[in-house]
There are 2 protein chains.
Amino acid sequence: MKRFADATAGVKSGRTDDDAQTIQGFVGVTTHEEVYRRVREQILFGGIKPGSAVTLRGLADELGVSSMPVREAVRRLIAERALLLQDNRRVMVPPMTREAFDQILFARRALEPELAARALEKLKKADIADLQAIDQSIDIAMRAGDTEGYMRANYRFHFALYRKSESWTLVALVESIWLQFGPFMRTAYGRIGTSTIEDHHEFALAAMAKHDASGLRSAIDADIGQGMGFIGDAVLSRPS
Amino acid sequence: MKRFADATAGVKSGRTDDDAQTIQGFVGVTTHEEVYRRVREQILFGGIKPGSAVTLRGLADELGVSSMPVREAVRRLIAERALLLQDNRRVMVPPMTREAFDQILFARRALEPELAARALEKLKKADIADLQAIDQSIDIAMRAGDTEGYMRANYRFHFALYRKSESWTLVALVESIWLQFGPFMRTAYGRIGTSTIEDHHEFALAAMAKHDASGLRSAIDADIGQGMGFIGDAVLSRPS
DNA sequence: GAGCCCCCATTGTGATCACAAAATTCCAGG
DNA sequence: CCTGGAATTTTGTGATCACAATGGGGGCTC
């Protein structure tokens, strides 16, 4: 374990040392925010398995901080439904159920194509080029079988697009949704691999180039349907 | 082990008094959850004005608890976008902007009619009767000019319906959205009153009775459009 | 009289401690 | 061997303290 150096974490003020791995070294960002980001990434890109327990002291020791910032970060992630507070007051990565899966799928289809269409209105040529570059890194990771790399690049692609809509409220909702199915994406790709993924992003990029809103909507919807169908087949058909 | 009696520890706040306003009296619910609920209600039903500052110690003193549970509750509300963490690291009730308003309106129209349609499939006769009872209390509050009563009943109506959909993920998203425009609803009704509100719930109830999904969607959509238009006119046209 | 700066109060952040409840381990009895 | 309960450990919760940074107010200078 101990993914992040714990070092001698107790020393309070005046940390001017160069211990870059410890969270405390960061400037201008609070500790609980940094803890939040790291745990969030682990959840989003599959560092933590669905159903596994998360303890405050465990995380605190792992990250080399006290339990205070961990508590705030975990509380925040619970509010975003990235973590689940059980009746025991214990915390876990939520297991996937058929019902939750259906709701996530529906919410994605309701929000993401529309968000993409909104983004289209504000897209510049340079933005499309950026997205094409990200799409290429997706292809590379996909062919290399690099599951985590694929997930990260795929996330970057979707949210680079969505953020262009400048609809921050909606983007936040979609981010919350992604947090909820991230672990299953990892599980699914881990089981079946990334080679069978179709690339609907090409169609999306083509629609962007033509400024074709309904085409973009369709492409995003197809991407969601394909990706989620893949996850559903891989995860829900077997005992979790 | 090693527990020297630190006698003052637990007794310090030994509130055995009958101070009913104090939170500590609750059993089985954590303090931070109770704090969360109270602050949430204040935001949702207008106890706090948009733009006003919220301080941890202030809330803690007001509720008679230490700052710990307040911190967790506030952190949770920030994650739900009910409160806004500024760059100063200070917390406030978010001010309304045209952009945020448009996004909230769009998100509501995207999610709530669909949620209502989903609920319709599971609605029983008794549920419709319950909703009719709530609608009557809405009318009563509306005619009495009871702004807070109207808001509470309206909230009850919508979420009693939505929760019947058993789509907990989506309901959570919609609750987050309501938290974001609650304060403005109060401001708007406080300025103009509740007497001019049209009652689209009648149409919604009629559609439910006929099991008419598209009619229900339209009614909810109209209700959102009317209510939000009202808020937009009242709040956005003037300096906040 | 106005602008600037310094001092102090307020506030958020993080660490540590105490305690209760839950989970786990351990051991005796069948 | 298994089972059941007691003891121990783990874990979440809440309170309190220390500290840094921001903000505001009062007094000083020009």
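Only this structure's heavy atoms are used, side chains among them; waters, hydrogens and symmetry mates stay out. In what follows, chains carry the letters A, B, and so on, assigned in the order in which the sequence lines appear, proteins first and then strands, with residues in each chain numbered from 1.
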Write down the distance between CD (A:Glu72) and P (C:dT13), rounded to a whole number of angstrom.
-> 7 Å
Check: protein-nucleotides 6-12 of chain C nitrogen or oxygen pairs below 3.5 Å:
{"from": "C:dT11", "atom 1": "O4'", "to": "B:Arg90", "atom 2": "NH2", "distance (Å)": "3.3"}
{"from": "C:dG12", "atom 1": "OP2", "to": "B:Leu56", "atom 2": "N", "distance (Å)": "2.9"}
{"from": "C:dG12", "atom 1": "N7", "to": "B:Arg57", "atom 2": "NH1", "distance (Å)": "2.6"}
{"from": "C:dG12", "atom 1": "O6", "to": "B:Arg57", "atom 2": "NH2", "distance (Å)": "2.9"}

Residues passing the side chain to side chain contact (heavy atoms under 4.5 Å, CB included) test with B:Leu56, sequence neighbours excluded, are B:Val70, B:Arg71, B:Val74
Side chain to side chain contact (heavy atoms under 4.5 Å, CB included) against A:Ser137, all qualifying residues, sequence neighbours excluded | A:Ile134, A:Ala153, A:Arg156
With A:Arg75 as the cation and B:Tyr36 as the aromatic partner, state whether NZ or CZ is under 6.0 Å from the six-membered ring centre and within 45° of the axis.
-> no
A:Ala172: partners by side chain to side chain contact (heavy atoms under 4.5 Å, CB included), with sequence neighbours left out = B:Arg81
B:Asp87 CG to D:dG23 P, straight-line distance once rounded to whole Å | 11 Å
What's the CE-C1' distance between A:Met68 and D:dA15, to the nearest Å?
-> 11 Å
Do any side-chain nitrogens or oxygens of A:Ser66 fall under 4.0 Å of OP1 or OP2 in C:dG14?
-> no
Separation of D:dT16 C1' from B:Asp61 CG (nearest whole Å) = 14 Å
Among residues two or more places apart or on two chains, list those pairs meeting ring-ring contact (aromatic ring centres under 6.0 Å, His included) that have a residue in residues 164-183 of chain B.
-> B:Tyr155-B:Trp178, B:His158-B:Trp178, B:Phe159-B:Trp178, B:Trp178-B:Phe181
Return the value, rounded to whole Å, for the distance between atom CD of B:Gln86 and atom P of C:dT13.
-> 12 Å
With sequence neighbours left out, which residue pairs that include part of residues 41-55 of chain A fulfil the salt bridge (Lys or Arg N to Asp or Glu O under 4.0 Å) condition?
-> A:Glu41-A:Arg152
